[in-house]
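Here the structure is laid out as structure tokens; the discussion comes afterwards.
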2 protein chains.
Amino acid sequence: MKSTKGKTNKEEISLDVLFELSEFFKFFSDTTRIRIIEILLHGEMSVNDIADKLKIGQSAVSHQLRLLRTSHLVRPRRDGRTVFYALDDEHIGLIFQTGLNHILHKKRALP
Amino acid sequence: MKSTKGKTNKEEISLDVLFELSEFFKFFSDTTRIRIIEILLHGEMSVNDIADKLKIGQSAVSHQLRLLRTSHLVRPRRDGRTVFYALDDEHIGLIFQTGLNHILHKKRALP
DNA sequence: TGAATATATGAACCATTGTTCATATATTGG
DNA sequence: CCAATATATGAACAATGGTTCATATATTCA
């Protein structure tokens with residue numbers, strides 16, 4: 001058998017892919033980053049505005065944005081001296097929402 | 001307005017929930033843990049068998065399992081001296097698969 | 001009960017990571 | 001060009017996290 005695309009299957013998942021997968025989830029596993037992601041789900045925003053909104057340093061935000069940018073989760077758009085960041089990956093919202101649903105369902109004790 | 005359950009909405013998400021969400025994604029953000037989770041997606045398995053299969057120490061596996069058990073992601077079942085672990089949360093498969101699909105799509109350059 | 005086997009746990013250790021501080025780079029308006 | 005503003009970046013630091021080692025606990029079988 002070769003490939004049963006989609007759905008849950010019992011095929012072997014390579015170590016490489018599992019590693020990438022854990023690396024991918026890492027982006028969502030930090031409070032600052034997930035707050036940034038949540039903000040960007042509503043639309044693009046400048047670095048300073050993000051920092052102000054989260055009440056954390058500009059540098060911290062910039063460092064995290066670099067991480068996300070390097071991995072193509074966010075995309076910068078320069079307008080004059082301000083840089084606006086937006087989500088660069090359509091799947092991010094889905095991952096975020098899937099996790100969020102889990103948390104909320106658990107909280108409300110809904111199976 | 002009170003609550004628009006489900007789907008994507010633009011309601012405020014509390015800091016607490018965002019924190020919990022990042023904590024939840026943390027379980028998937030380590031190679032060892034995600035490999036354990038992947039194994040358990042196929043069904044329950046004993047601690048030693050997991051360690052053997054992953055070729056890592058029994059202690060390391062046990063430590064990670066405790067973490068997952070404490071957070072109710074896995075559930076132990078004792079049979080004699082061996083303890084079998086199984087996934088204890090129906091949403092785990094969904095999260096895993098959602099992330100996996102993202103990785104695979106990205107790899108195959110399918111938008 | 002005592003040896004053997006399976007799992008759990010605590011402490012120590014090293015690596016990773018997120019923040020801060022200082023500073024560099026970039027852009028605009030005067 | 002110069003001052004002001006916005007963002008980026010490197011180094012240092014503290015905290016967190018995952019593994020290992022040694023040992024404890026639990027269970028079965030002879």
Side-chain angles (χ1 to χ4, degrees), chain A residues 15 18-40 43-88, chain B residues 15 18-40 43-88:
Chain A
L15 251 171
L18 285 176
F19 177 75
E20 280 184 61
L21 188 50
S22 64
E23 289 295 305
F24 178 63
F25 279 124
K26 216 164 263 185
F27 296 123
F28 300 84
S29 71
D30 172 76
T31 307
T32 301
R33 279 194 297 274
I34 210 156
R35 290 177 75 199
I36 292 177
I37 290 172
E38 195 270 333
I39 283 183
L40 299 185
E44 67 173 20
M45 188 175 284
S46 76
V47 178
N48 269 336
D49 283 355
I50 295 175
D52 286 351
K53 183 149 191 170
L54 299 187
K55 294 198 179 71
I56 61 185
Q58 173 266 324
S59 185
V61 173
S62 192
H63 277 297
Q64 296 299 347
L65 283 173
R66 172 171 53 169
L67 191 68
L68 297 171
R69 165 168 33 89
T70 300
S71 304
H72 305 290
L73 295 195
V74 301
R75 165 179 24 94
R77 175 181 72 83
R78 176 153 234 143
D79 180 13
R81 21 189 171 183
T82 96
V83 177
F84 295 92
Y85 278 90
L87 295 182
D88 191 21
Chain B
L15 249 171
L18 285 175
F19 177 74
E20 281 184 60
L21 189 51
S22 64
E23 288 296 305
F24 177 64
F25 280 124
K26 215 164 261 184
F27 296 123
F28 301 84
S29 71
D30 172 75
T31 308
T32 301
R33 280 195 297 273
I34 210 156
R35 290 176 75 199
I36 292 178
I37 290 173
E38 194 270 332
I39 283 182
L40 298 186
E44 66 173 20
M45 187 175 283
S46 77
V47 179
N48 269 336
D49 283 356
I50 295 175
D52 286 353
K53 183 150 191 171
L54 299 187
K55 293 199 181 69
I56 61 186
Q58 174 267 323
S59 184
V61 173
S62 193
H63 277 297
Q64 296 298 347
L65 283 173
R66 172 171 55 169
L67 191 68
L68 297 172
R69 167 169 31 91
T70 300
S71 303
H72 305 288
L73 295 194
V74 301
R75 165 179 25 92
R77 175 180 74 83
R78 175 152 235 143
D79 181 13
R81 21 188 173 184
T82 96
V83 177
F84 295 92
Y85 277 90
L87 294 182
D88 190 22

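A note on names: the letters A, B, ... follow the listed sequences, proteins ahead of strands, and every chain is numbered from 1.
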Sugar-phosphate only, base, or nothing, as touched by B:Y85 at under 4.0 Å among non-hydrogen atoms: sugar-phosphate

Atom-to-atom span, CG of B:D30 to P of D:dT16 - whole angstrom: 17 Å

Value in whole Å for how far the C1' atom of D:dT16 lies from CZ of B:R33: 12 Å

A:R77 CZ to C:dT27 C1', straight-line distance once rounded to whole Å: 15 Å

Among D:dT9, D:dT27, D:dT19, the one nearest B:R78 by side-chain distance: D:dT27

Steps toward salt bridge (charged side-chain N to carboxylate O under 4.0 Å, His left out) verdict (A:E23, A:K26): CA-CA 5 Å; A:E23 289 295 305; A:K26 216 164 263 185; 3.1 Å; yes

Nearest-nucleotide comparison on DNA chain D, the residue closer to the 5′ end among A:L65 and B:V61: A:L65

Interatomic distance, A:R66 CZ vs D:dA11 P [rounded to whole Å]: 11 Å

N/O (side chain, A:N48) to phosphate O (OP1/OP2, D:dT5) under 4.0 Å: no

Residue B:T82, side-chain heavy atoms: nucleotide from C:dT19, C:dT7, D:dA8 that is nearest: C:dT7

Touch class at under 4.0 angstrom, heavy-atom based, for B:Q58 against every strand present: base

Proximal nucleotide (of D:dT27, C:dT28, C:dT7) relative to the B:R81 side chain: D:dT27

Aromatic ring pairing B:F25/A:F25, orientation class (parallel under 30°, perpendicular over 60°, tilted between): parallel

Donor-acceptor under 3.5 Å (B:R78 side chain, B:G80 main chain): yes

Earlier contact from the 5' end, DNA chain C, for B:V83 and A:K26: B:V83

Test applied, side-chain contact (heavy atoms from CB on, under 4.5 Å); reference residue, A:V61; option that passes from A:D52, A:T32, A:D49, A:V47: A:V47

Protein-nucleotide distance (A:I34, atom CD1; C:dG18, atom P), rounded to Å: 13 Å

Atom pair distance, as rounded to whole Å: CD1 in B:I36 and C1' in C:dT7: 14 Å

Whether A:R75 side chain and A:Y85 backbone form a donor-acceptor pair below 3.5 Å: no

Whole-Å distance separating the CZ atom of B:F84 from the C1' atom of C:dA8: 17 Å

Closest to the B:R69 side chain, choosing from C:dA8, C:dT7, D:dT19: C:dA8

Protein-nucleotide distance (B:L54, atom CG; D:dT19, atom C1'), rounded to Å: 14 Å

Donor-acceptor pair under 3.5 Å, A:H63 side chain vs D:dG10 base: yes

B:S59 (side chain) and C:dT9 (base): donor-acceptor pair under 3.5 Å: yes

